[in-house]
2 protein chains.
Amino acid sequence: MTEWEQRLAGAGCRITAPRRAVIAVLMNADAPLLPQEILEQAQTVHRKLGLVTVYRTLNLLSELSLVRRVHREDGCHGYLPASAGHRHALICRNCHRAVEFTGHNDLHALIERVEARTGYRVDDHLLQLLGLCPHCQEREG
Amino acid sequence: MTEWEQRLAGAGCRITAPRRAVIAVLMNADAPLLPQEILEQAQTVHRKLGLVTVYRTLNLLSELSLVRRVHREDGCHGYLPASAGHRHALICRNCHRAVEFTGHNDLHALIERVEARTGYRVDDHLLQLLGLCPHCQEREG
DNA sequence: CTCTTAATGAAAAGGTTTTTCAGTAAAGAT
DNA sequence: ATCTTTACTGAAAAACCTTTTCATTAAGAG
């Protein structure tokens, strides 16, 4: 049983073949995957998987903080395996390969300054970086 | 003619009553407005305005950097008047009132560190802060 | 193995955003 | 002021992504 499956079981959820298939795809993803893409890859393992179950499993994994949802410019959402703690995604605009990073320390100063100037109390943030990964830089240059 | 209308005219676009109505609503918005909300407010000025034209005008204003699109957790998009330069939105999770801020200096150090560690070249970023505005803090406390 | 009920898949519904297309009106030319 | 061109508009339909509904299936406790 994988670590993710243990977390599911610990939360009182059943370990089913459809969930195993979705998990297998997501655990090793290195770019944000759309639900439709997850479906197509997972169906090679579990043929009769439906898109609805992909969405339900993604919601479940999000609640357990096992995956992170990233916003795309076109308005739909990709999903990435989430590392522990509050991290952010750096996404290649060409191949969509993503890495995570922590921005906590640098953001802390910024957030304090903004709180002082605006009077707002900040309790959450969304940060995504966009650029070119090393691989795609080579191809371009 | 307002500043926004001059920008439109300068870009070769026609100044029409529907566009004026959308602009009038957005110029003074202090919270991200949904296309549907913009429609309802703008229809008090231009009764036969359609939702399609709201979307088309929002795309136009986005291209001219007169409005900024902010991502909401539910997946749809709100629109805010954009100040000059690269700014970010701080949004109240209760009343949705928003203020803008510049995070350029603080993010610069973070971005350089992430570039050094990952090899990515970062050329854009998305940063939104969420919290409570002073007004809603009072109401809560 | 049996039983309970969580989980599934198909179909339908719900929402937002885009496309299509015939009609309208803005703005430059006359 | 009027004409002419064509960008713009609104309604309807289409195209998405995502959620809900509901009858059926199967996980896992006893």
Side-chain angles (χ1 to χ4, degrees), chain A residues 1-2 4-26 32-40 42-64 66-67 69-79 96, chain B residues 1-2 4-26 32-40 42-64 67 69-79:
Chain A
M1 205 190 310
T2 69
W4 288 23
E5 286 166 16
Q6 286 174 14
R7 288 281 299 277
L8 277 190
C13 300
R14 291 178 181 173
I15 309 302
T16 65
R19 284 177 177 168
R20 264 195 247 266
V22 171
I23 287 173
V25 169
L26 268 168
L33 297 175
L34 299 177
Q36 183 63 47
E37 295 169 337
I38 294 169
L39 175 69
E40 283 157 19
Q43 277 180 335
T44 64
V45 171
H46 183 71
R47 217 173 282 126
K48 31 175 204 178
L49 178 66
L51 184 55
V52 180
T53 297
V54 174
Y55 276 102
R56 281 190 284 232
T57 304
L58 287 172
N59 286 342
L60 188 56
L61 296 175
S62 290
E63 278 166 22
L64 298 174
L66 292 171
V67 300
R69 192 165 78 153
V70 306
H71 298 260
R72 306 197 347 165
E73 270 313 304
D74 63 9
C76 54
H77 297 111
Y79 292 82
H96 300 110
Chain B
M1 211 199 289
T2 70
W4 288 24
E5 286 166 16
Q6 285 174 15
R7 287 281 299 278
L8 277 190
C13 300
R14 291 180 181 172
I15 309 303
T16 65
R19 285 177 176 169
R20 263 195 248 265
V22 171
I23 287 173
V25 169
L26 269 168
L33 297 175
L34 299 176
Q36 184 63 45
E37 295 169 336
I38 294 169
L39 175 69
E40 283 156 19
Q43 277 181 337
T44 64
V45 171
H46 184 72
R47 216 174 281 128
K48 30 172 209 180
L49 178 66
L51 185 56
V52 180
T53 297
V54 173
Y55 276 101
R56 283 191 282 231
T57 304
L58 287 172
N59 286 341
L60 188 56
L61 296 174
S62 292
E63 279 167 21
L64 297 175
V67 300
R69 193 165 77 152
V70 305
H71 298 260
R72 305 195 353 163
E73 269 313 303
D74 62 8
C76 54
H77 298 109
Y79 292 83

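Just so it is clear: chains get the letters A, B, ... in the order the sequence lines come, proteins before strands, and each one is counted from 1. Heavy atoms only: backbone and side chains are in, while hydrogens, waters and symmetry mates are out. Just so you know, these numbers come straight off a predicted model, no measurement behind them.
Dashed line: the shortest gap from a side-chain N or O of Lys48(B) to OP1 or OP2 of dG23(C) is not under 4.0 Å. Put simply, Tyr55(A) has a side-chain N or O that comes within less than 4.0 Å of OP1 or OP2 on dT18(D). Regarding contacts with the backbone of dT17(C), a side-chain N or O of His77(B) is found under 4.0 angstrom from either OP1 or OP2.
Arg56(A) has its side chain out of reach of Leu60(A): every pair of non-hydrogen atoms, C-beta onward, lies at least 4.5 Å apart. Side-chain contact check for Val67(A) versus Trp4(A): some heavy-atom pair is nearer than 4.5 Å. Counting only heavy atoms from C-beta outward, the side chains of His77(A) and Leu58(A) never approach each other to under 4.5 Å. Residues Val22(B) and Thr53(B) form no side-chain contact, since every pair of their non-hydrogen atoms from C-beta on lies 4.5 Å or further apart. Residues Pro32(B) and Arg72(B) have side chains not in contact (no heavy-atom distance under 4.5 Å, counting atoms from C-beta outward).
His46(A) places its NE2 atom 9 Å from the P atom of dA27(D), with the value rounded to the nearest Å. When the P atom of dA6(C) is taken as reference, atom CZ of Arg20(A) falls 20 Å away, rounded to whole Å. Here the C1' atom of nucleotide dT9(D) and the CG atom of Leu60(B) are 14 Å apart, to the nearest Å. Between Leu49(B) atom CG and dC8(D) atom P there is a gap of 15 Å when expressed in whole angstrom units. Between the P atom of dG15(C) and the CZ atom of Arg72(B) lies a distance of 14 Å, rounded to the nearest Å. Taking atom CZ of Arg47(B) as the reference point, atom P of dT9(D) lies 19 Å away to the nearest angstrom. Between the P atom of dT16(C) and the CG atom of Leu51(B) lies a distance of 9 Å, rounded to the nearest Å. Taking atom CG of Leu33(B) as the reference point, atom P of dT17(C) lies 13 Å away to the nearest angstrom.
To the nearest 0.5 Å, atoms CD1 (Ile23(B)) and CD1 (Ile38(B)) are separated by 11.5 Å. Atom CG in Leu34(A) sits 9.5 Å away from atom CD in Glu40(A) (nearest 0.5 Å).
Residues from residues 6-19 of chain A that place a heavy atom under 4.0 Å from any atom of DNA chain C, listed by number: Cys13(A), Arg14(A), Thr16(A), Pro18(A), Arg19(A).
Across all strands, Leu34(A) comes closer than 4.0 Å to no nucleic acid atom at all (heavy-atom distances).
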